[in-house]
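Read through the structure below, which is laid out as structure tokens, and then see the notes.
Treat the numbers as computed from the prediction; the structure is a model and nothing was measured. In what follows, every heavy atom counts, from backbone to side chain, and hydrogens, waters and symmetry copies are set aside.
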Amino acid sequence: MPRLPSFPTDCQILFDGEPVPARRGEPVAVALLAAGRPLVSRSAKYHRPRGAYCLAGSCGTCFVRADGLPNQRACRLPCRDGLAIQTQNALPDARHDVLGVIDAVYPRGLDHHHLMTWNALANRATVAISRRLAGTGRMPDPEVVAAERGAGPVVEERVDALVVGAGPAGLAAAEALAEAGRRVLLVEREPSAGGRLRCRFDLPGEPEPAWAAGIVERVGAAGGEVVTGTAVLGLWHDGGTPLAALHSDGPPQRLRLVRPTRIVICTGGNPQPLALANADRPGVHAGRGLAAALSEHGVVPGARAAVLGAGPEADAVAARLAAAGMSLERVRDVEGARVLGRARVKGLAVPKVGRVRCDTIAVATPPAPAAELARELGAPVRWDPAIAAFALDVAADGATGVAGLFAAGEVAGGMDGARAAEAGRRAGEAARG
């Protein structure tokens with residue numbers, strides 16, 4: 001059962017020339033997963049099979065060519081009828097890539113700096129071939145380039161507050177600012193607001209998805225703006241005050257320059273793969289990405305899943321997949337484990353457990369704080385041993401030590417949705433000025 005019956009398909013995309021049923025607006029990677037095709041791309045050097053790991057636009061393992069435009073993340077690309085997707089850096093395609101032999105011939109690694117250096121002629125031939133294989137994708141089709149031209153000048157906008165990230169923390173911060181009469185711009189890179197709430201984890205104190213929709217409505221009614229499908233490309237000091245560059249996925253794609261008086265960073269975290277042998281195989285996914293795909297598009301990624309990790313969130317991921325009809329195996333200690341299979345997961349070998357039968361692996365471990373934007377403005381970080389990652393070092397009210405810059409939520413360390421919302425509320429109140 002690749003997709004729950006209550007989520008029928010209504011369009012068709014082409015993947016390397018083959019039709020794939022899909023739902024309008026859902027990410028291409030999700031449609032492929034529902035169709036039982038987790039293989040999306042190949043790695044650049046060894047041409048190892050790759051799938052969409054994070055399903056959230058943060059890992060870069062699912063680059064494809066879409067309607068003549070290269071290097072598009074399949075997990076960020078909305079489906080529409082007739083959308084033509086091609087795999088990149090494979091000959092002829094990712095499923096039948098003859099260059100995959102490189103991985104088999106060099107199982108111990110390939111030192112390309114010394115490849116064929118024993119003979120000058122052989123070396124020149126090797127360099128010439130390598131240059132043709134290097135790079136990511138081919139240049140866009142000429143008509144695509146022409147369509148992208150002609151955009152007008154970017155006009156600088158001013159707002160009272162810019163809130164980055166519309167998860168529980170960002171939503172609560174935006175609401176607090178809007179209640180104080182501040183003109184708020186709330187930016188979310190996902191196609192909808194909610195953050196972790198989109199996974200529909202049934203955890204104590206976790207806000208309901210309807211709570212997120214209500215805040216979006218109230219911020220708009222107060223004169224603010226909530227934009228989804230839009231990424232903040234960078235933050236920097238310009239003339240003594242911050243400036244932000246925003247880019248929307250479109251259509252049409254749009255670039256905006258925003259000068260806010262206050263900034264609240266609520267970017268959450270990025271899913272981190274575990275240090276397992278062959279953990280890069282298609283079929284290994286972030287637990288939150290799978291839960292969101294199931295909740296929003298009814299995608300059941302396989303028949304048997306191994307959920308890696310411990311704690312309430314791992315329990316919630318396992319419960320969501322089990323409720324969808326998947327057989328479940330919990331694996332809390334993965335030391336020395338190895339993923340089995342090549343073009344897709346066929347099991348997991350765990351020394352302390354034995355072989356775990358599965359066709360899907362859900363990694364439900366704490367995300368690494370996405371602190372890059374705040375660090376661009378000089379915000380300090382600290383090592384958080386609880387999540388084994390660096391997190392923003394913030395005060396109780398969200399202050400970062402940088403004037404006008406606040407932060408809240410998982411970008412400041414591990415926490416559940418309820419605590420993130422509380423932290424966001426405090427940061428929003430402090431950012432009122």
Side-chain angles (χ1 to χ4, degrees), residues 1-11 13 20-40 51-56 62 74-75 78-79 190-192 194-204 206-210 212 271 273-274 281-332 334 339 341 344-348 356-365 367 416-417:
M1 183 175 60
R3 198 188 292 267
L4 297 178
S6 55
F7 293 84
T9 60
D10 57 5
C11 71
I13 64 173
V20 174
R23 302 179 73 237
R24 295 179 191 275
E26 75 176 349
V28 167
V30 169
L32 294 175
L33 195 60
R37 302 189 62 166
L39 174 60
V40 179
Y53 170 70
C54 71
L55 295 168
C62 63
C75 67
C79 289
E190 292 294 332
S192 60
R196 59 179 288 135
L197 305 183
R198 298 167 55 232
C199 302
R200 297 185 180 273
F201 292 146
D202 186 15
L203 295 174
E206 189 97 339
E208 295 292 331
L274 293 177
R281 297 304 189 194
V284 181
H285 306 282
R288 287 189 187 181
L290 289 180
L294 175 59
S295 297
E296 297 182 335
H297 306 291
V299 174
V300 182
R304 305 179 64 90
V307 178
L308 312 188
E313 184 164 317
D315 295 340
V317 170
R320 296 287 290 114
L321 297 179
M326 297 187 72
S327 299
L328 257 295
E329 185 81 28
R330 294 295 305 277
V331 183
R332 293 172 173 81
V334 295
V339 178
R344 69 167 301 148
V345 168
K346 293 186 178 180
L348 180 68
V356 177
R357 293 180 55 207
C358 61
D359 55 22
T360 303
I361 295 177
V363 181
T365 53
D416 58 25

Open item on the list: Quick check on side chain to side chain contact (heavy atoms under 4.5 Å, CB included): which of Val284, Val317, Val307, Val334 does Val363 satisfy it with?
Closed with: Val284

Under 3.5 Å donor-acceptor pairs involving side-chain atoms of residues 288-295, not counting sequence neighbours:
| from | atom 1 | to | atom 2 | distance (Å) |
| --- | --- | --- | --- | --- |
| Arg288 | NE | Glu313 | OE1 | 3.4 |
| Arg288 | NE | Glu313 | OE2 | 2.7 |
| Arg288 | NH1 | Glu410 | OE1 | 2.9 |
| Arg288 | NH2 | Glu313 | OE1 | 2.9 |
| Arg288 | NH2 | Glu410 | OE1 | 3.3 |
| Arg288 | NH2 | Glu410 | OE2 | 2.7 |
| Ser295 | OG | Cys199 | O | 3.1 |
| Ser295 | OG | Ala291 | O | 3.0 |
| Ser295 | OG | Arg320 | NH2 | 2.6 |

- [ ] Heavy atoms only: give me the nearest Gly298-Phe7 pair and the separation to one decimal.
- [x] CA-CD1, 3.4 Å

TODO: Just grab all the salt bridge (Lys or Arg N to Asp or Glu O under 4.0 Å) pairs involving residues 298-310, residues at least two apart or on different chains.
DONE: none

Open item on the list: Run Leu197 and Glu206 through side chain to side chain contact (heavy atoms under 4.5 Å, CB included) and show every step you take.
Closed with: CA-CA 8 Å; Leu197 305 183; Glu206 189 97 339; 3.9 Å; yes

Open item on the list: Measuring from atom NE2 of His285 to atom CD1 of Ile361, what distance do you get when rounded to the nearest 0.5 angstrom?
Closed with: 9.5 Å

Open item on the list: Quick check: closest heavy atoms across Ala29 and Ala52, and the distance to 0.1 Å?
Closed with: CB-CB, 3.8 Å

Open item on the list: Run Val339 and Leu348 through side chain to side chain contact (heavy atoms under 4.5 Å, CB included) and show every step you take.
Closed with: CA-CA 5 Å; Val339 178; Leu348 180 68; 4.0 Å; yes

Open item on the list: Would you say CG of Asp10 has more than 12 non-hydrogen atoms from neighbouring residues, nucleotides or ligands within 6.0 angstrom?
Closed with: yes

Task: Reported CG-to-OG1 distance for the pair Leu328 and Thr360, which is rounded to 0.5 angstrom - done: 10.5 Å

Open item on the list: On a heavy-atom basis, which atom in Arg344 and which in Pro38 lie closest, and how many Å separate them?
Closed with: NH1-CD, 3.5 Å

TODO: Look up atom CG in Leu39 and atom CZ in Arg281, then write down how far apart they are to the nearest 0.5 Å.
DONE: 10.5 Å

Open item on the list: Rounded to the nearest 0.5 Å, what separates atom CG in Asp416 from atom CG in Leu203?
Closed with: 7.5 Å

Task: Within residues 23-33 or reaching into it, pairs that qualify as salt bridge (Lys or Arg N to Asp or Glu O under 4.0 Å) - sequence neighbours excluded - done: Arg3-Glu26

- [ ] State, with a plain yes or no, whether a side-chain heavy atom of Pro27 is found less than 4.5 Å away from one of Leu55.
- [x] no

TODO: Find the distance between SG (Cys79) and CD1 (Ile13) and round it off to the nearest 0.5 Å.
DONE: 4.0 Å

Open item on the list: I'd like to know whether Ser192 forms a side chain to side chain contact (heavy atoms under 4.5 Å, CB included) with Arg198, so could you lay out the CA-CA distance, the side-chain angles of the two residues, the decisive distance to 0.1 Å, and finally the verdict.
Closed with: CA-CA 8 Å; Ser192 60; Arg198 298 167 55 232; 3.5 Å; yes

Open item on the list: As an exercise, state the distance from CZ of Arg332 to CG of Leu308, rounded to the nearest 0.5 Å.
Closed with: 11.0 Å

Task: Exercise: identify the closest heavy-atom pair between Phe201 and Ala316 - done: CD2-CB, 3.5 Å

Open item on the list: If you compare all heavy atoms of Arg330 against all heavy atoms of Ala310, which two are closest, and at what distance to 0.1 Å?
Closed with: NH2-CA, 4.2 Å

- [ ] Identify the heavy atoms of Ala22 and Thr9 that sit nearest to each other, and give their distance.
- [x] O-CB, 3.1 Å

